[in-house]
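As structure tokens, the structure follows; a few thoughts come after it.
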Amino acid sequence: MAFNSFTFWLIYPLLFAFYWIIPSSQKTAKKWYLILVSYLLYMNWKPAFAIVLLGVTLITYFGALIIQKDKERNRKKLIYIFSILGLLPLLVFKYYNFLNDSLTNGLESIGLHFSLPGLNWAVPVGISFFTFQAVGYLFDVYYKKIEAEKSFSDYTLFVSFFPQVTSGPISKASELLPQIKNPKPFNYPQAVAGLKLLLWGMFMKIVIADRLGLYVDFLYSNYTHYTGLNCFVASVFYSIQIYADFAGYSLMAMGIAKTLGFDIINNFQRPYFSISVTDFWRRWHISLSRWLKDYVYIPMGGSRCSKLRNYWNIFVTFLVSGIWHGANWTFIAWGVMHGVCQIIEKALGFHKYEGHSPMIRISRICITFLIVNFAWIFFRMPTFEDAIGIIGHMFTHFSKGTVLHDQQMSIMAGLPFLLFKDFRDEFFRNKMQFLDTAIVRRSIYLFIFFMILMIGVLDSGQFIYGSF
Amino acid sequence: MKRYITYIIIFFCAVFIIDRAVGVVCDYLYSHTKGGDTKHTYDVFNNVTADIIILGSSRALHHYVPSIIEDSTGLTCYNCACDNQGIINMYGRYKMAAKRKKPQYVICEILPSLDIYKDVDDIKYLNSFKPFRVNPELAEIIKDYSPIEYFKTNSYIYRYNTYIFQILKDYVTSGRLYAEKGFSPNKGEMNYKPKPHLEVIGEIDSFKIRYIHKLIEATNKDKVKLFFTASPRYSADTDSSYVILKKICKEKQIPFISFYTDSSLNRKHELFKDRSHLNEKGAFAYTREFVQTIKPTIQSN
């Protein structure tokens, strides 16, 4: 069930109330209540998906216990076996058809005709997220960073925790399991902070992301009818849309978790103010970046190797990132682009900037944004041809033009608030203190709620990352 | 915890008060717009009484000239159509018009992509009903689509979700050009060569089909003569997308008047604004031809 659906908000107060009615001393009851709620909400997408979730949970739970018990010489074999078993549902559901089609097309291009039957199965919602979370736990046990979890209920809740199961953030066991084992009593400041994150996350998703999405979908599906400038504006809007969508969802997940007394990782730190693509990946989808660093990049050698080997490690890490995002060559191209950009930055020393020149900083922010914006086109378009087509159109038909679209007023009304907040949080955090006074804060909350009702897209648009 | 619940209750009390206050302001603005789409919709839902009403999407709004129909038939006529709206919305418009005065004839222009086949979400056909949800005719349609959607319209602000800017624009300026009696002429000519026309047959939307049947039943019950129509589409040489409608019309004995592939009109570049819409000149030419097809029926009654 999506967090921006009206049905979720009808039942959430009840879920919240029942959770806190259970006394804090009844830890087991609270845990099982959350497991029940998590599975019921997950099954609302499709009941059969819960079998996959449970399957991944069982494989990784028992796998970790076996790995921990075993002697050193077998551990490597066991981690390969159990991580492949844990990844298997993801590989089958998400990548089988892609691999089959790619293989078939490849063989046909050399005159061979062979194909396996396709799979007509829906991809379980959030499979990329909960699989990575579970497999990450396996590796943490293998690397002896944590002990294998003996309590099946604790581990089940860790994998299925409803605020994050469908679209992350990808938590580490060392962060979430202790909180599950010792649920905190109700904490007023934490719960209020949760509500604020929920409200702002809802604004980002419903007012910004979904409104921009209507414009972007409209223009991208008819781009040949519009000027290159319009296409460029649509590409910028898509960059903002995907940020507002995913960051909005992550904030809502954090907010809901906080209202239940849990803290989960903040997934975004204003990524479009990055001064390099390397910096971008420290601010964008932080939990995935961290997962890739800990379980792909560092095991391959990270930066503790020759320069060429380091570049190769970066390339492979972002190739995996591209593959993780989707079963399409466009996602792989997107991942590879990010990898190549980071390699170039590292080779030329552009991956960080420690100077204080505002002009250089602003220039780097703009250039990084343009690079990331360009790469998003491949992420968004269904085929290479479409992506190249729209990029080509931007350059060959770049003339002034206006797209009068019924979303433009709603977009112009909501977008400045997001830009203002992010600018303030990035550059002027300690300025404009009057905004933090009680009366102004509360007025802002009311105004945001009013904006959600007035210009939000309130018919349950899907989260972009909900399809991963 | 008590403090937390109190905080939430106070917040939602403030939301309730603001919701009502802003809603009252929006209601006032909506009913006092100077022109444009807002005034047109308001008039259709609250004021229009005519012997012949025209329903449909932009292809009705820009194609049927009421004054020509009035001159030819001697009956009053009003164009109640709306851009990007389909049969679900048109049923509501009919019910609101018939509440005040039952028309004698209804001309309903059908566009299969809006009236028969599935598109993104049927909710878009209900958005113009929300400010008027106190009317049982429209409330029934919203509830039929989704009881949850109807529940959401308890919020006064939500009834105007997204519309507020259109309302403000039409309150301050006179908005889009509407000629008399609801007709909105398209100015200009098609200045490009469009791609060859391709009929698109999509997946049938059973909710829309139900509302075609509901319109037929409602007009039968009110003893109103219904015509389904299809106005010219530039260079169309097949109307295969209308196969479902033709079947319904045959079954229910409703006349279906189609100029969709009429080559005396749909090959003339100068009559079109774009490949789907006639311009003002085209609308006049088409309406003159169209009215001759319904005149015998009107005169015999």
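A quick note: this is a predicted structure, and the numbers were derived from the prediction, not measured. So you know, we letter chains A, B, ... as the sequences are listed, proteins then strands, and number each from 1.
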> What are the two closest non-hydrogen atoms of R211(A) and N161(B), and how far apart are they?
Replying inline: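 Closest approach of R211(A) to N161(B): NH2-OD1, 3.7 Å.
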
Is the [atom1] atom of [X] crowded by more than 12 outside heavy atoms at less than 6.0 Å?
X	atom1	result
K184(A)	NZ	yes
M1(B)	CE	yes
Y188(A)	OH	yes
L14(A)	CG	yes
K39(B)	NZ	no

> chain A heavy atoms under 4.5 Å from I18(B): which part of the residue, side chain, backbone, both or neither?
Replying inline: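 Side chain of I18(B) only, per the 4.5 Å heavy-atom cut-off to chain A.
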
>> Once you measure the plane-to-plane angle for F6(A) and F151(B), does it fall in the parallel (<30°), tilted (30-60°) or perpendicular (>60°) bin?
In response: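 F6(A) and F151(B): tilted rings.
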
> Passes side chain to side chain contact (heavy atoms under 4.5 Å, CB included), M409(A) versus L168(B)? Steps please.
Replying inline: CA-CA 11 Å; M409(A) 291 303 295; L168(B) 284 169; over 6 Å; no

> Passes side chain to side chain contact (heavy atoms under 4.5 Å, CB included), L195(A) versus I8(B)? Steps please.
Replying inline: CA-CA 9 Å; L195(A) 286 181; I8(B) 293 171; 3.8 Å; yes

State the [atom1]-[atom2] distance between [X] and [Y], to the nearest 0.5 angstrom.
X	Y	atom1	atom2	answer
L446(A)	F12(B)	CG	CZ	10.0 Å
M454(A)	D19(B)	CE	CG	8.5 Å
T7(A)	I148(B)	OG1	CD1	3.5 Å
R3(B)	F186(A)	CZ	CZ	9.5 Å

>> Looking at Y4(B) and A191(A), would you say the former's side chain and the latter's main chain have a donor-acceptor pair under 3.5 Å?
In response: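 A pair under 3.5 Å: yes.
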
> Is chain B contacted by the side chain of I452(A), its backbone, both, or neither, given a heavy-atom distance below 4.5 Å?
Replying inline: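 Only the backbone of I452(A) comes within 4.5 Å of chain B.
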
>> So for F16(A), is it side chain, backbone, both, or neither that comes closer than 4.5 Å to the heavy atoms of chain B?
In response: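 It is the side chain, since no backbone atom gets that close.
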
